[in-house]
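Bear in mind the structure is a predicted one, so any value in this text is a computation, not a measurement.
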Amino acid sequence: MSIYDTLNDKQKEAVEYTEGPLLILAGAGSGKTRVLTHRVAWLIDELGVNPWNIMAITFTNKAAGEMRDRVDQLVGYGSESIWVSTFHSTCVRFLRRHSDRIGYDTNFTIYDTDDQKTVIKDVCKRLQIDTKQLKERTIMNAISSAKDELITPEQFYLNAAGDYQQKRIAQCYMEYQATLKKSNAFDFDDLIMKTVELLKNNEDVLEGYQRRFRYIMVDEYQDTNTAQFELIRLLAGGYRNLCVVGDDDQSIYKFRGANIRNILDFESVYPEAKVIKLEQNYRSRGRILDAANAVISHNIGRKEKALWTDKGEGEKIHFIQFDTAYDEADYIIKDIRQKVQEQEKRYDDFAVLYRTNAQSRLLEERCIFAGVPYNVVGGTNFYSRKEIKDVLAYLKTIDNGRDDIAVKRIINVPKRGIGATTINKVQDYADLHEISFFQALEEADRIPTLGKAGVKLEPFVTLIRSFRTKAKEYGLGRLMQDILDTTGYLAYLEESEEEDAEDRIENVDELLNKMIDYEDSAEEPTLSGFLEEVALVADIDSVDGSEEKVLLMTLHSAKGLEFDHVYLAGMEDGVFPSYMTITGDDPSEIEEERRLAYVGITRAMEHLSITCARQRMIHGQTQYNMISRFVREIPEELLDHKLPSKKHPEWEEAAFKKPLVKAVVRPKTTQAEAKPFLLRSAQTMSKPAAAPTKEGAGTLGYGVGDRVKHMKFGEGTVMQIDPGTRDYQVTVAFDTAGTKIMYAGFAKLQKI
DNA sequence: CGTACTAGTCTTTTT
DNA sequence: GACTAGTACG
């Protein structure tokens with residue numbers, strides 16, 4: 001009995017077809033990871049390929065690690081020398097070796113989105129761009145998309161032709177790129193684009209890698225962008241043993257430049273390519289699969305596939321609509337708790353998926369309230385916290401003195417009396433002499449404009465220099481500890497009056513632990529190595545599936561995972577599909593959302609619950625949404641409850657009438673109120689509960705002359721109500737706090 | 001130079 | 001509602 005006997009015919013074919021280009025169209029749950037790992041095993045065991053000659057590119061570090069583990073289990077040796085990593089890590093490895101070929105030092109820094117924004121801001125200032133007219137965000141997105149498409153600043157400028165705005169962006173792009181180069185830094189997109197540049201312009205380097213990587217595999221191929229495709233094309237250019245695995249129906253990263261054409265056109269780029277479809281699903285029950293198939297069939301321009309399963313139809317899909325998002329969250333969490341208590345389930349059998357990170361808050365709250373252990377994936381990244389970025393900036397400053405952003409970030413943290421004026425003067429000097437910011441600091445005594453302030457700079461320079469010396473003899477852990485002590489950063493946190501000071505200290509402590517972990521586990525621990533690992537982690541990477549916790553995450557994060565019971569929360573038009581895509585005029589965006597729905601549904605193995613709410617707060621405003629169109633695309637017989645008819649929907653009609661005030665100021669719901677609408681009386685249902693975009697004056701619940709109560713200011717009298725652009729401005733004369741003008745939505749005044 | 005307050009934006013998703 | 005950038009003031 002061999003390990004390959006457990007594969008079906010198609011899977012086996014894909015495993016054994018090793019020579020030449022191969023496209024595996026793997027539907028959700030069709031065992032593509034099994035195919036990939038067995039394929040690697042096959043290459044090593046049966047064909048005697050040296051693991052060193054195999055490269056596999058995955059989407060996340062987590063997937064890479066899992067792949068290595070599984071190959072290890074199959075083969076038992078050699079898995080450590082297979083090159084398995086993400087696109088970004090792969091490129092960093094190339095660049096660390098050869099970036100001097102394209103004019104960068106090999107100890108470059110990686111700029112994250114925050115750093116990018118700082119640079120862009122600076123660039124805008126220099127180019128005198130009015131950021132009200134041309135937003136930083138717009139510029140950043142434009143540059144990022146350009147890089148995804150391998151468009152250089154010069155090409156961008158040419159493409160702009162007569163378009164003034166585009167020309168301005170092109171100038172920013174040029175200036176931005178120059179700044180990065182001066183700082184010896186790459187942004188995320190550069191990692192790919194510059195690697196392509198490196199390989200294209202250095203034939204010896206390219207040939208070296210082409211010879212080494214005889215077999216290349218790419219997972220989640222549907223989410224690659226043009227630059228990534230070009231990278232693969234170059235690397236596979238020698239042997240052409242390129243195997244890509246993907247599912248066009250699961251392409252959900254168009255906003256990040258993913259080019260679905262890469263999968264649809266694979267056969268035209270590689271005419272000799274073999275195509276194998278994996279259509280048997282081993283994950284989900286029949287009804288779940290039927291629902292997924294029904295939804296995705298509404299998309300046009302996809303590769304026809306028919307997923308099937310022999311697992312039996314399973315139970316119906318559970319659908320409930322609630323009055324409020326609060327009720328929805330309450331129900332989901334209590335339902336999970338009940339199932340764990342009454343059935344033999346573990347908390348990690350459950351996942352709640354939603355469209356936007358903001359939706360996690362309510363669920364999290366309910367978990368705490370109900371005592372349900374949970375893990376939120378994503379949201380605010382650990383590494384984007386202020387205190388973490390500060391400490392990292394110290395490390396970056398020590399590692400790469402040309403990283404101006406890092407230096408400027410910490411030059412006055414903790415306070416050293418070095419303000420904006422001084423920094424600007426130093427920067428001017430640096431610009432004038434074309435040196436880095438730190439070099440300018442070192443020459444502070446030669447900057448005449450500084451005056452007295454210059455004295456404060458010297459200790460800082462000495463401090464950093466001493467760290468650099470220490471960095472050579474200390475281990476990483478000790479270095480960081482020393483930084484925290486010597487700079488007084490820890491003391492600065494400890495003395496902070498802020499409420500979350502303790503959390504921050506914990507976070508810094510956590511970072512120290514990670515650093516020590518890294519030092520212990522890495523083969524050759526270096527500061528650059530640690531910083532790059534930190535820069536390239538994805539939220540999902542840190543998720544440990546064996547913990548007994550409910551997972552809360554976005555649909556995007558859930559890709560590639562599976563759970564016994566999945567809850568899809570917030571299935572409402574305006575939330576999912578998002579407001580942006582509904583109101584936008586690009587129909588392909590709805591299709592992308594639909595693919596996301598498909599991904600969500602197919603995460604479920606045994607049970608699927610779909611929930612939505614009539615009313616929810618978005619950006620601090622109450623919104624009233626209809627049931628998601630995607631739910632309506634599921635055949636009714638697959639659901640356990642009928643959907644309310646769309647023709648005379650009492651409650652939906654209400655969505656266009658004026659709302660009740662009560663709906664806005666809502667105290668915590670009791671259990672009894674949290675009943676799903678299907679169990680409610682018709683009377684309750686007909687209650688108009690909905691909302692035009694702006695609240696009418698009548699909806700405030702009070703008028704001029706009324707006595708009202710405010711949480712902070714106490715009682716007072718309403719003097720005036722003015723319609724503002726978004727919300728009403730209310731002037732209130734408080735008995736004790738004086739007269740205040742405030743926005744009605746924020747003030748939460750209650751009539752007394 | 002540092003702080004405290006105000007106004008504006010945001011959120012669709014992320015390596 | 002939360003966060004951030006920008007401004008006025010001490």
Side-chain angles (χ1 to χ4, degrees), chain A residues 57-64 85-92 110-114 117-118 121 131-132 135-137 141 144 147-148 186-192 220 223-225 227-228 251-258 353-362 377-381 383-384 386 412 415-423 452-453 456 497 532 534-541 553-559 570 574-584 589-590 592-593 595-597 599-600 617-622 724-727 741-743 745-748:
Chain A
I57 296 184
T58 58
F59 203 65
T60 62
N61 297 300
K62 186 170 181 254
S85 62
T86 64
F87 272 106
H88 294 268
S89 307
T90 299
C91 289
V92 170
I110 300 166
Y111 275 0
D112 67 13
T113 322
D114 272 1
K117 197 168 177 196
T118 314
K121 263 191 187 158
T131 50
K132 290 222 169 68
K135 295 209 179 75
E136 287 113 338
R137 218 198 150 80
N141 287 340
S144 177
K147 289 181 177 176
D148 288 343
F186 293 112
D187 65 22
F188 284 131
D189 306 307
D190 275 342
L191 293 177
I192 317 282
E220 307 284 11
D223 288 323
T224 54
N225 61 36
Q228 290 165 333
S251 161
I252 54 174
Y253 283 104
K254 193 175 154 211
F255 71 93
R256 208 169 65 191
L353 311 182
Y354 37 80
R355 181 64 179 78
T356 65
N357 278 308
Q359 289 168 257
S360 70
R361 256 198 46 230
L362 275 177
V377 180
T380 19
N381 189 304
Y383 295 103
S384 51
K386 224 181 291 161
N412 201 28
K415 302 256 169 333
R416 298 187 179 94
I418 303 168
T421 329
T422 312
I423 292 175
K452 280 179 292 184
K456 294 174 181 165
E497 302 274 301
E532 104 194 14
V534 156
L536 299 178
V537 287
D539 293 319
I540 196 76
D541 290 339
M553 66 186 130
T554 62
L555 289 146
H556 281 88
S557 301
K559 194 173 72 159
V575 175
F576 185 32
S578 78
Y579 181 76
M580 301 277 276
T581 51
I582 295 181
T583 50
E589 299 213 328
I590 286 279
E592 172 130 333
E593 296 267 310
R595 290 193 291 270
L596 197 53
V599 168
M617 282 277 252
I618 295 172
H619 310 158
Q621 274 182 323
T622 311
T725 40
R726 283 184 105 174
D727 194 2
I741 301 170
M742 53 193 100
Y743 280 105
F746 276 50
K748 286 201 210 139

Would you mind reading off the distance between [X] atom [atom1] and [N] atom [atom2], rounded to a whole angstrom?
| X | N | atom1 | atom2 | answer |
| --- | --- | --- | --- | --- |
| A:Glu220 | B:dT14 | CD | C1' | 14 Å |
| A:Leu536 | B:dT15 | CG | P | 10 Å |
| A:Met617 | B:dC10 | CE | C1' | 15 Å |
| A:Phe87 | B:dT14 | CZ | P | 19 Å |
| A:Ile618 | B:dC10 | CD1 | C1' | 12 Å |
| A:Phe59 | B:dT15 | CZ | P | 7 Å |
| A:Lys254 | B:dT14 | NZ | P | 18 Å |
| A:His556 | B:dT14 | NE2 | C1' | 8 Å |

Identify whether any heavy atom of [X] sits under 4.0 Å from a base atom; if not, whether one sits that close to sugar-phosphate; answer base, sugar-phosphate or nothing.
| X | result |
| --- | --- |
| A:Glu592 | nothing |
| A:Thr422 | sugar-phosphate |
| A:Ser557 | sugar-phosphate |
| A:Asp189 | nothing |

Separation of the C1' atoms in C:dG6 and B:dT11, to the nearest angstrom: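 Taking atom C1' in both C:dG6 and B:dT11, they lie 22 Å apart.
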
Filtered N/O pairs between nucleotides 3-5 of chain C and protein, under 3.5 Å:
unit_1, atom_1, unit_2, atom_2, d
C:dA5, OP1, A:Lys121, NZ, 3.0

Atom of [X], atom of [Y] and distance for their closest heavy-atom approach:
| X | Y | value |
| --- | --- | --- |
| A:Arg416 | A:Asn412 | N-OD1, 2.6 Å |
| A:Gly574 | A:Ile582 | N-CD1, 3.3 Å |
| A:Ile57 | A:Thr86 | CG2-C, 4.1 Å |

Counting only side-chain nitrogens and oxygens, does [X] get under 4.0 Å of the OP1 or OP2 atom of [N]?
| X | N | result |
| --- | --- | --- |
| A:Thr113 | B:dT14 | no |
| A:Asn412 | B:dG2 | yes |
| A:Ser578 | B:dT13 | no |
| A:Arg137 | B:dT11 | yes |
| A:Asn225 | B:dT15 | no |

List for me each residue that meets ring pair (Phe, Tyr, Trp, His ring centres under 6.0 Å) alongside A:Tyr253, sequence neighbours excluded, and say none if there are none.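 If we apply the ring pair (Phe, Tyr, Trp, His ring centres under 6.0 Å) test to A:Tyr253, skipping adjacent residues, the hits are A:Phe59, A:Phe255, A:His556.
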
Closest to side chain of [X], choosing from [options]:
| X | options | result |
| --- | --- | --- |
| A:Tyr253 | B:dC1, B:dT15, B:dT14 | B:dT14 |
| A:Lys415 | B:dT11, B:dT14, B:dT3 | B:dT3 |
| A:Thr421 | B:dT14, B:dC1, B:dT15 | B:dC1 |

If you assign A:Ile423 and A:Ala358 each to the DNA chain B nucleotide with the nearest heavy atom, which residue ends up on the more 5' nucleotide? A:Ile423

For A:Thr356 and for A:Gly419, find the nucleotide of DNA chain B with the closest heavy atom, then tell me which residue's nucleotide is more 5'.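 The 5'-side residue here is A:Gly419.
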
Distance-only, no hydrogens or angles: does the A:Lys456 side chain make a donor-acceptor pair with backbone N or O of A:Gly417 under 3.5 Å? yes

Under a 3.5 Å distance rule, please check whether A:Glu136 uses its side chain to pair with a backbone N or O of A:Lys117 as donor and acceptor. no

Which of these passes side-chain contact (heavy atoms from CB on, under 4.5 Å) with A:Phe87: A:Leu536, A:Thr58, A:Asn225, A:Ile192? A:Ile192

With sequence neighbours left out, write down each residue that passes salt bridge (Lys or Arg N to Asp or Glu O under 4.0 Å) with A:Lys559, or none if nothing qualifies. A:Glu220, A:Asp223

Going by ring centres under 5.5 Å and near-parallel planes (under 30°), is A:Phe255 stacked on B:dT13?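 Aromatic stack with B:dT13 present for A:Phe255.
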
Could you give the distance from CD1 (A:Ile110) to NE2 (A:His88), rounded to the nearest 0.5 Å? 10.0 Å

